[in-house]
Amino acid sequence: MGKVIVVTSGKGGVGKTTSTAALGAALAQGGDKVVVVDFDVGLRNLDLVMGAERRVVYDLVNVIQGEAKLTQALIRDKRVETLYLLPASQTRDKDNLTPEGVEKVIAALKNAFDWVICDSPAGIERGATLAMRHADVAIVVTNPEVSSVRDSDRIIGLLDSKTLKAENGERMEKHLLLTRYDAARAERGDMLKVDDVLEILSIPLLGIIPESTDVLRASNVGAPVTLADNRCAPALAYFEAVRRLKGENLPVTIPGDKRSFLGKIFGRKAA
Amino acid sequence: MTDVLTQPRPIRLKGRSFLALALTPELPFEDWLVRLDDLAARSAGFFLRRPVVLDVEGLEIDRAELRELVSQLNARNVRVMGIEGARSSMLGADMPPAMTDGRPTADIEAPATDATDKAETSEPMAKAAVAAPISAAPAQAMPMATPSIVVTRPVRSGQSVFFPEGDVTIIGSVASGAEVVAGGSVHIYGPLRGRVMAGTTGNGTARIFCRKLEAELIAIDGFYKTADDMEPELRGKAVQIWLEGETIKAATLG
């Protein structure tokens, strides 16, 4: 029985899709069987980031409406053979997602995969609530700025009330993934500091992904950043996040701390 | 002709709800009054200081009979403050006013049969809840504490804790965009970044306590302050907030 993860945020453009692809690819590279599911019906993007946009035949809505079998809609990644994509439909809208249909698809995926990662659309409407509904674990993607933090707080509230786990009286496991973190700007006070975000949201930190052009470059070539260049800073941060997701107790390094640490050493040497 | 308004200040009108004892008389009144006398004999002062509402819904009586019943009750020192379920034609200017929209609550226990139980009658009225038809078989006593709720998780943005019955204690934070509405005081063991409205049912003695004040809005009994109006030196501090007259006061907690 696999684990169902929802990658969610409330606010758009914070890096849900990028993170879904990067985490999915990182987990699959470790040998686990992974499927990433695009719930953003009507505004799909995950296929692009995964580099599978030319291979989409059937999609999530087709499967839900019985027009295609799940195996027909799943797209296997060409680079990592244990990584699959279930794309969203671009021509339909989110009303085509039914609670019963989503439940059936998720149940089937859970049986076949170790990890089912659902890429939630922005907002708090139907698409987002259905994406989180059957999750065992939630990854809340947040940028270090006030509007993103408040939207994430709202999403955490929904995770604690509108999901199947919450309705059964269980507690949803939630992790914070802080993306687009710019140490220099945080230092200048242009961005919220890590501690401030953690204090407001009060959920455990899964990782901090530094702001980097590597992320954009990877998206443009259609590869998850953890596949495109597995040595760059954001990829390393995603690999560490995956280790924490699997239960490893790994301290989180705040980007920029290392630099200042080195700065101290250099400062000392120069003196 | 026209009165000159020397005072531009408007009169404050507020809603307030009280507990009242609802009496439902039965026909014939003579028999019912005997039973009432019996009850009063068992417990002197049962009706003393208790506001009484007379519920005559469904009774086939005319104006004279109702008037007679009220005067009979007056003679027994049962002061009727209002009449529920009567046609307006039955009520004159010299009669208690009509009352509507009463909400039933738990029954008030009639004094026990053997009792000259003084403790019972001197019990503060607020302890029993309202509106009880005095029945031959007294209902089970329900000792009720002051209502309060405890919330043990953070109140997230978009969530709302609504408890007009009494106090709210929150162990955790109240996020920006979240709100807490309480009839009594609000205690927050964590940062307050959202809005808190205490004493909303007209309770000016309600207070707001928090570990860290970063609120968007605070209000007690309808008087409010936004973040802009709050003293900047209190921001981020552990603070209590109360109402003095019509002014919201705040001070740090030691």
Side-chain angles (χ1 to χ4, degrees), chain A residues 6 8-12 14 120 122-126 128-129 132 135 138-163 165-176 189 192-205, chain B residues 149-164 168-182 186-197 208-219 226-230 232-239 252-253:
Chain A
V6 60
T8 186
S9 70
K11 195 175 185 301
V14 294
S120 169
I124 53 173
E125 281 77 35
R126 192 183 183 86
T129 47
M132 69 169 66
I139 295 177
V140 180
V141 181
T142 307
N143 290 166
E145 48 103 12
V146 282
S147 58
S148 173
V149 170
R150 185 157 79 178
D151 290 359
S152 293
D153 195 56
R154 179 91 167 94
I155 280 291
I156 296 168
L158 293 179
L159 287 167
D160 283 338
S161 59
K162 292 279 163 69
T163 52
K165 272 209 150 184
E167 284 169 12
N168 292 337
E170 294 169 59
R171 203 157 180 126
M172 165 80 77
E173 188 185 327
K174 298 172 290 278
H175 299 280
L176 176 68
L192 285 177
K193 294 214 169 86
V194 176
D195 286 347
D196 297 338
V197 180
L198 281 175
E199 204 243 348
I200 292 172
L201 295 178
S202 54
I203 57 170
L205 184 62
Chain B
I149 52 165
V150 178
V151 179
T152 52
R153 45 169 70 174
V155 187
R156 304 281 181 181
S157 183
Q159 292 180 331
S160 155
V161 175
F162 186 74
F163 190 69
V168 175
T169 305
I170 288 159
I171 301 161
S173 59
V174 176
S176 161
E179 71 177 8
V180 179
V181 181
V186 177
H187 309 256
I188 298 162
Y189 293 92
L192 163 56
R193 302 193 175 94
R195 338 170 99 201
V196 169
M197 280 149 266
I208 298 168
F209 304 84
C210 66
R211 276 266 175 84
K212 192 173 178 191
L213 180 74
E214 286 169 10
E216 291 165 347
L217 180 143
I218 45 141
T226 58
D228 272 0
D229 308 328
M230 287 176 219
E233 60 272 18
L234 291 177
R235 277 196 94 69
K237 301 268 170 56
V239 166
T252 52
L253 291 164

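Just so it is clear, the values below take in all heavy atoms, side chains as well, and ignore hydrogens, waters and symmetry mates. Below, read A as the first sequence line, B as the second, and so on, with proteins coming before strands; counting in each chain starts at 1.
Side-chain polar atoms of A/R150 and B/S176 form a donor-acceptor pair below 3.5 angstrom. Checked by atom type, the side-chain pair B/D229/B/T226 shows a donor-acceptor distance below 3.5 Å.
Both the backbone and the side chain of A/D160 come within contact range of chain B, judged by heavy atoms closer than 4.5 Å. A/L159 does not touch chain B: none of its heavy atoms, backbone or side chain, sits under 4.5 Å away.
Partner of B/E214 under the salt bridge (Lys or Arg N to Asp or Glu O under 4.0 Å) criterion, chosen from B/R193, B/R195, B/K237: B/R193.
Among the candidates B/A178, B/G158, B/P154, the residue making the largest number of heavy-atom pairs closer than 4.5 Å to chain A is B/G158.
The pair B/R211-A/E199 fails the salt-bridge criterion, with no side-chain N (NZ, NE, NH1 or NH2) lying under 4.0 Å from an Asp/Glu carboxylate O.
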